[in-house]
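Below is one structure, written out as structure tokens; comments come after it.
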Amino acid sequence: MNAEALAAAKAAYQIEADCILEELAYLDDEQFMKAVDALAKAPRIGTAGCGHSGIICQHMAHLMCCIERPARFISPAEAVHGATGFIQAGDVMILASRGGKTAELLPIMRICREKGATIISITENMESPLAQGADIVLKMHVNRETDKYNSQGTTSTTALCVIFHALQAALIEVTGFKNEQFALIHPGGAVGERLNKH
């Protein structure tokens with residue numbers, strides 16, 4: 001058994017657990033509820049991010065669809081080739097970047113602003129272009145990544161994911177979403193079988 005590898009694996013659990021608990025202290029109630037209100041009222045929701053953030057933004061779009069908030073992930077590469085046509089005035093665009101300087105997201109922000117969409121940015125850097133240009137900013141907090149080099153998108157991915165989970169939990173309360181609605185749109189798999197038992 002490789003003792004160092006096992007110790008690193010167990011430390012990863014603790015690092016991410018600490019991050020989630022610490023992140024709660026950075027929750028700005030007013031900004032968070034502004035985001036919830038905007039998402040609840042939006043006809044459509046777009047999400048965009050690069051790398052690990054992009055993967056979690058895909059998850060967010062699916063979370064929104066699961067509570068009947070029409071959403072899609074917009075690839076930053078496709079966004080500047082017409083995909084931002086999905087976003088209309090009154091919609092919400094969520095942009096996620098830990099550093100808040102991801103160059104691929106800045107044109108999306110400009111386009112969405114010109115179209116009259118509400119921009120929600122999620123970033124650790126509150127002085128970044130992504131934070132400064134948004135209508136609503138949610139601060140993410142990362143203590144450190146789980147690898148020994150503090151380089152891989154691990155804890156930062158979890159931190160973003162938890163913010164999205166919190167938004168969905170709040171939206172279920174605000175919109176009055178019922179499990180019966182979920183049963184209709186999720187007939188597949190073990191979850192669908194459980195939801196649709198009569």
Side-chain angles (χ1 to χ4, degrees), residues 19-20 22-65 69-80 83-143 145 153-171 174:
C19 179
I20 292 171
E22 291 169 11
E23 186 168 55
L24 183 58
Y26 289 89
L27 180 68
D28 182 321
D29 292 358
E30 183 178 352
Q31 287 290 297
F32 184 85
M33 290 311 298
K34 280 185 179 179
V36 171
D37 184 61
L39 291 167
K41 293 175 179 175
R44 286 164 299 274
I45 298 163
T47 68
C50 292
H52 288 98
S53 294
I55 292 168
I56 304 305
C57 282
Q58 292 178 54
H59 173 54
M60 177 56 167
H62 185 70
L63 281 175
M64 293 296 94
C65 288
R69 311 306 307 155
R72 66 165 284 189
F73 171 74
I74 299 176
S75 159
E78 302 301 331
V80 293
T84 42
F86 172 77
I87 297 293
Q88 303 296 315
D91 290 347
V92 168
M93 187 71 202
I94 299 173
L95 302 173
S97 164
R98 180 181 177 184
K101 298 177 181 178
T102 303
E104 295 89 340
L105 299 184
L106 300 182
I108 302 175
M109 175 177 279
R110 179 185 58 77
I111 292 166
C112 290
R113 182 164 299 288
E114 290 189 16
K115 296 191 77 170
T118 298
I119 300 165
I120 300 174
S121 290
I122 304 175
T123 180
E124 192 175 35
N125 184 357
M126 303 301 278
E127 304 303 318
S128 66
L130 211 64
Q132 295 296 310
D135 299 294
I136 301 165
V137 186
L138 302 181
K139 180 175 173 60
M140 63 186 293
H141 162 74
V142 184
N143 49 358
E145 306 290 8
T154 49
T155 312
S156 53
T157 300
T158 301
L160 178 59
C161 202
V162 169
I163 291 171
F164 287 154
H165 292 175
L167 286 169
Q168 193 210 40
L171 280 163
V174 167

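Along the sequence shown, the residues carry numbers beginning at 1.
Sequence neighbours left out, not one pair with a member in residues 48-59 passes salt bridge (Lys or Arg N to Asp or Glu O under 4.0 Å). Pairs engaging residues 133-143 under the side chain to side chain donor-acceptor pair (under 3.5 Å) rule: E22-H141 [sequence neighbours left out]. The salt bridge (Lys or Arg N to Asp or Glu O under 4.0 Å) pairs that include a residue from residues 46-56 number zero, where partners must be two or more places apart or lie in different chains. Here ring pair (Phe, Tyr, Trp, His ring centres under 6.0 Å) pairs that include residues 109-135, with residues two or more places apart or in two chains, number zero. Within the structure, ring pair (Phe, Tyr, Trp, His ring centres under 6.0 Å) contacts touching residues 100-130 (residues at least two apart or in different chains) do not occur.
A donor-acceptor pair under 3.5 Å is formed between the side chain of Q132 and the backbone N or O of M126. A distance-only check finds a donor-acceptor pair linking the side chain of S121 to the backbone of L130 [under 3.5 Å]. Proximity of a side-chain donor or acceptor of R69 to a complementary backbone N or O of A42 within less than 3.5 Å is detected.
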Show me the donor-acceptor pairs within less than 3.5 Å that the side chains of residues 28-35 make with the rest of the protein, sequence neighbours left out.
| unit_1 | atom_1 | unit_2 | atom_2 | d |
| --- | --- | --- | --- | --- |
| D28 | OD1 | E30 | N | 3.1 |
| D28 | OD1 | Q31 | N | 3.1 |
| Q31 | OE1 | V137 | N | 2.9 |

Distance-only donor-acceptor hits, side chain of residues 102-111, under 3.5 Å, sequence neighbours excluded:
| unit_1 | atom_1 | unit_2 | atom_2 | d |
| --- | --- | --- | --- | --- |
| T102 | OG1 | S97 | OG | 2.7 |
| R110 | NH1 | E114 | OE2 | 3.4 |

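Contact record, L171 with V36: CD2-O, 3.4 Å, taken as the closest heavy-atom pair. Of all heavy-atom pairs spanning T123 and N125, the tightest one is OG1-N, 3.1 Å. In terms of heavy-atom proximity, M60 sits nearest to T47 at CG-CG2, 4.1 Å. Nearest heavy-atom pair across A159 and C19 is CB-SG, 4.0 Å. Taking both residues in full, the closest heavy atoms of C57 and A48 are given as SG-O, 3.5 Å, listed atom of the first, atom of the second, then distance. Listed here is the closest heavy atom pair of V174 and A40: CG1-CB, 4.0 Å.
Among residues two or more places apart in sequence or in another chain, the side chain to side chain donor-acceptor pair (under 3.5 Å) test is passed with K41 by D37. Under the salt bridge (charged side-chain N to carboxylate O under 4.0 Å, His left out) criterion, K115 pairs with no residue, sequence neighbours left out. Every residue was checked against the ring pair (Phe, Tyr, Trp, His ring centres under 6.0 Å) condition with H62, not counting sequence neighbours, and none meets it. Judged as a salt bridge (charged side-chain N to carboxylate O under 4.0 Å, His left out), and not counting sequence neighbours, the contacts of E145 are R98. In this structure, the salt bridge (charged side-chain N to carboxylate O under 4.0 Å, His left out) partners of R44, at least two apart in sequence or on a different chain, are D91.
Annotation: the span from T157 atom OG1 to I55 atom CD1 amounts to 7.5 Å, rounded to 0.5 Å. Rounded to the nearest 0.5 angstrom, L39 CG and Q168 CD are separated by 11.0 Å. To the nearest 0.5 angstrom, F164 atom CZ is 9.0 Å from M140 atom CE. From C161, atom SG reaches atom CG of L63 across 7.5 Å, with rounding to the nearest 0.5 Å. Rounding to the nearest 0.5 Å places OG of S53 at 11.0 Å from CG of L95.
Taking the side chain as every heavy atom from C-beta outward, I122 and L160 approach each other to under 4.5 Å. Contact of the R72 side chain with the I74 side chain is registered, since non-hydrogen atoms from C-beta on lie closer than 4.5 Å. For the pair M93 and T84, the minimum side-chain heavy-atom distance is 4.5 Å or more.
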(message) Would L167 and L138 count as a side-chain contact (heavy atoms from CB on, under 4.5 Å) here? Give the steps.
(response) CA-CA 11 Å; L167 286 169; L138 302 181; 4.1 Å; yes
